[in-house]
Amino acid sequence: MRMSRMYLPTLKENPAEAEIPSHQLMLRAGMMRSLTAGIYTYLPLGYRVIRKIENIVREAMDESGAQELLMPVVQNAELWKESGRWDKFGPLMIKFQDRKGRDYCLGPTHEEVITALVRNEIRSYKDMPLNLYQIQTKVRDEIRPRFGVIRGREFIMKDAYSFDADYEGLDKSYQAMYDAYTKAFADCGLDVKAVEADNGAMGGEGSHEFMVIADVGEDHVAFCNKCDYAANIEKAAAGYKKAVQEESLKDIEKVYTPKQKTIDEISSFLNIDKAKTIKSLAFLVDGEPVLVLLCGNDQLNEVKLLNYLNGEEIVQVEDEEFEKYFNSTPGFIAPVGMKKGVKILADLRVKDIVNGVTGANETDYHLINVNPERDFTADDYLDLRVVQNGDLCPVCDGRLELKSGIEVGHIFKLGTKYSESLGATYLDENGKEQLIIMGSYGIGISRLVAAAIEQHHDEKGIIWPKAIAPYQVIILALGNEEELIRVSEKIYDELSKKGIETLLDDRDERPGVKFNDADLIGIPLRITIGQKSLKNKIVEARVRRTGDEIEIPLENAIERILEVLDNIE
RNA sequence: CGGAGCGUGGCGCAGUUUGGUAGCGCACCUGUUUUGGGAACAGGGGGUCGAAGGUUCAAAUCCUUUCGCUCCGACCA
């Protein structure tokens, strides 16, 4: 492509709307422009990268035996009502009516459509395993679009759905996707980590997320520094070893603690370690009062609580309702003498507290020398806290390290959630009707572009891994002398003929502009041709990532350029 | 939705406190000279100051309403 004719509007300055590197660079490098919040047009350069990634993903999917199809963007409400998600997914969907007043939505995901499709075709266990996928635009009315294409309201996703006759089949399908994802991300030249994840709203059991580790990531991931344990913080468990306590139990005592409501306040007021305070949190889980106990310096992981209770919704109790539900008072609520019928759940670490501090269920009073099991009993002790940096690994004796990451892929074992609600069944070997076992597998294609930039850029611009670079080579023709043009064009033509995606910067611009644009758009290999180099009968190659400069003699230049290109990652 | 901030030529911003009729840099057009890391000079085009209403002799500036965008929190690929 000749840059003199290319629609490539690069920007010298950062647009005010962008805060993170990938967003800024995608705009500056002329890859995309925004239409409205979270919705973008991909310009030619950006769209090339998207197609590169799509094709790498497509190849890995096809290789795994999955088959590509294309489902509708517009979906009818009846289908979503059938699965029960019309109301549950509700606000996340863009909904509208046709001229007859019938309800529709723009597909935020396609479990419903694919299940409705397949339930009419899969009749027998012999029709499975089956894996169908598509690469398509999804529409979600996100609560808060942000970070450019990382959380858009419209985005390109590869979504796949597997259908199996039994759970062993699902495990195989799931593993095949896990392997395909691992390959696809590696082929893109990205460092992506698979981590254990919570299934969340998607339902089912068992899932992994694929994370690009980056400073701006929206997710937090715990990694073990010794073994390969890795999990999303929503899921991550910390290892637990019973603490050895030397201290002997003292008598419980009530103390006057005026206005000392928070853990911070009470620990400094009583001059006691936060780890010895018992934090009591009052919630209504699906309307039922629950008292959660944590070590004072721990945070509650709500996902763990919900999963244990099999609940849907956690609501903090309003101040006025403490009396009604807990017979207590905000800031001084405690398990000791708690109202009967209130479920008390405690984190494992609470059990180890000796001579701890709790509220007294009475305004301005706390209890000291409180001991679990002697002074109160919990209905259960379980892992309820958010893991912290340096916690013990749950599988070995290593330590957990927290990092932030961008979720670029997520695979789920769905089980029968959708086949049940939408009635997708088959006949087994005995002629008996069975529910189809499903899995669902997503890759955020457009998000992956941004994640790749987060992982591969410097202060001058993007540094594309070769596999997803929009072009492999950029030729800078520095000047407009006849000989210089002739040589540049010749190299451009020959590289193009060899199938190398090549840009020729033939614009009437000063060298500095060309150098800077080349760096900005991140083409892996730059070939510079100017008077200086022509005089010496060479062209200059420069590798974007390493900055390595290589002088290439004009005779057999093409061969050498291909060689150099071959060695770039 | 709660909290914070911002809307002024294509882009980045000043001007708003203290009302007086819009400016700077980049980009763009013409010409001349330039040409190895974002050229210089000369000339030029382009703005309903997000929108609506109000106050005033006079509003980018003050008041009210409204729309949009960004950031922090609850959601997801």
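Here is the naming used below: chain letters follow the sequence lines, and residue numbers restart at 1 for every chain. Atoms considered below: every heavy atom in the structure, side chains included; atoms not considered: hydrogens, waters and symmetry mates. All values reported here derive from a predicted model rather than from experimental measurement.
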Of all the nucleotides listed ([options]), which has the minimum atom distance to the side chain of [X]?
{"X": "Glu407(A)", "options": "U34(B), C76(B), G36(B)", "answer": "C76(B)"}
{"X": "Met157(A)", "options": "G36(B), U70(B), A77(B)", "answer": "A77(B)"}
{"X": "Ile143(A)", "options": "G38(B), G37(B), C75(B)", "answer": "C75(B)"}
{"X": "Arg144(A)", "options": "C72(B), U34(B), A77(B)", "answer": "C72(B)"}
{"X": "Glu218(A)", "options": "C75(B), G37(B), U70(B)", "answer": "C75(B)"}
{"X": "Arg510(A)", "options": "C13(B), A39(B), C76(B)", "answer": "A39(B)"}
{"X": "His410(A)", "options": "G73(B), A77(B), U35(B)", "answer": "A77(B)"}
{"X": "Glu142(A)", "options": "G36(B), G12(B), A77(B)", "answer": "A77(B)"}
{"X": "Phe412(A)", "options": "C69(B), G36(B), A77(B)", "answer": "A77(B)"}

Name the pairing partner of [N], where a pair is Watson-Crick or G-U wobble with both distances under 3.5 Å, or state none.
{"N": "C41(B)", "value": "G31(B)"}
{"N": "A74(B)", "value": "none"}
{"N": "C69(B)", "value": "G5(B)"}
{"N": "A58(B)", "value": "none"}

- Query: Is any side-chain N or O of Arg146(A) closer than 4.0 Å to OP1 or OP2 of C72(B)?
  - Reply: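 Answer is yes, contact under 4.0 Å.
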- Query: Can you check whether Lys12(A) has a side-chain N or O nearer than 4.0 Å to OP1 or OP2 of A27(B)?
  - Reply: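 Lys12(A) to A27(B) OP1/OP2: side-chain N or O found under 4.0 Å.
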So, under a plain 3.5 Å distance rule, would you say the side chain of [X] forms a donor-acceptor pair with the base of [N]?
{"X": "Glu13(A)", "N": "G25(B)", "answer": "yes"}
{"X": "Arg140(A)", "N": "C76(B)", "answer": "no"}
{"X": "Asn14(A)", "N": "G12(B)", "answer": "no"}

Considering every strand and a 4.0 Å limit on heavy-atom distances, what is the contact class for [X]: base, sugar-phosphate, or nothing?
{"X": "Ile150(A)", "answer": "base"}
{"X": "Asp517(A)", "answer": "base"}
{"X": "Thr36(A)", "answer": "sugar-phosphate"}
{"X": "Arg153(A)", "answer": "nothing"}
{"X": "Gly409(A)", "answer": "sugar-phosphate"}
{"X": "Glu19(A)", "answer": "sugar-phosphate"}
{"X": "Gln531(A)", "answer": "base"}
{"X": "Phe147(A)", "answer": "sugar-phosphate"}
{"X": "Arg526(A)", "answer": "base"}
{"X": "Lys460(A)", "answer": "base"}
{"X": "Gly152(A)", "answer": "base"}
{"X": "Val513(A)", "answer": "base"}
{"X": "Ser446(A)", "answer": "nothing"}

Measure from NZ or CZ of [X] to the centre of the six-membered ring of [Y], then state whether that distance is under 6.0 Å and the direction lies within 45° of the axis.
{"X": "Lys52(A)", "Y": "Trp464(A)", "answer": "no"}
{"X": "Arg140(A)", "Y": "Phe155(A)", "answer": "no"}
{"X": "Lys403(A)", "Y": "Phe223(A)", "answer": "yes"}

- Taking atom types as modelled, is there a side-chain donor on His110(A) or Gln75(A) under 3.5 Å from an acceptor on the other?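 Yes - a donor-acceptor pair under 3.5 Å links their side chains.
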- Is the aromatic ring of Phe515(A) within stacking range of G36(B), meaning centres under 5.5 angstrom and planes under 30 degrees?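 Per 5.5 Å and 30° rule: no stacking.
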- Message: I need the CD1-C1' distance between Ile475(A) and G36(B), as an integer number of Å.
- Response: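 Atom-to-atom, Ile475(A) to G36(B), this comes out as 17 Å.
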- CG of Asp508(A) versus P of U32(B): gap in Å, rounded?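 From Asp508(A) CG to U32(B) P: 13 Å.
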- Message: Work out how far the C1' atom of C28(B) is from that of C69(B), and round it to whole angstrom.
- Response: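 Per the computed distance, 26 Å lies between those C1' atoms.
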- Item | Option among Val57(A), Ile56(A), Ile50(A) that satisfies the side-chain contact (heavy atoms from CB on, under 4.5 Å) test with Ile53(A) |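 Only one option passes, and that is Val57(A).
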- Message: If the test is side-chain contact (heavy atoms from CB on, under 4.5 Å), which one of Leu503(A), Val487(A), Leu495(A) qualifies with Ile475(A)?
- Response: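 Output: one option passes, namely Leu495(A).
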- Pro15(A) vs Ile529(A), nearer the 5' end of RNA chain B by closest nucleotide: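 That would be Pro15(A).
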- Query: Should the ring pair Phe96(A) and Tyr104(A) be called parallel, tilted or perpendicular, given that the plane angle runs from 0 to 90° and is split at 30 and 60?
  - Reply: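 Ring orientation of Phe96(A) relative to Tyr104(A): parallel.
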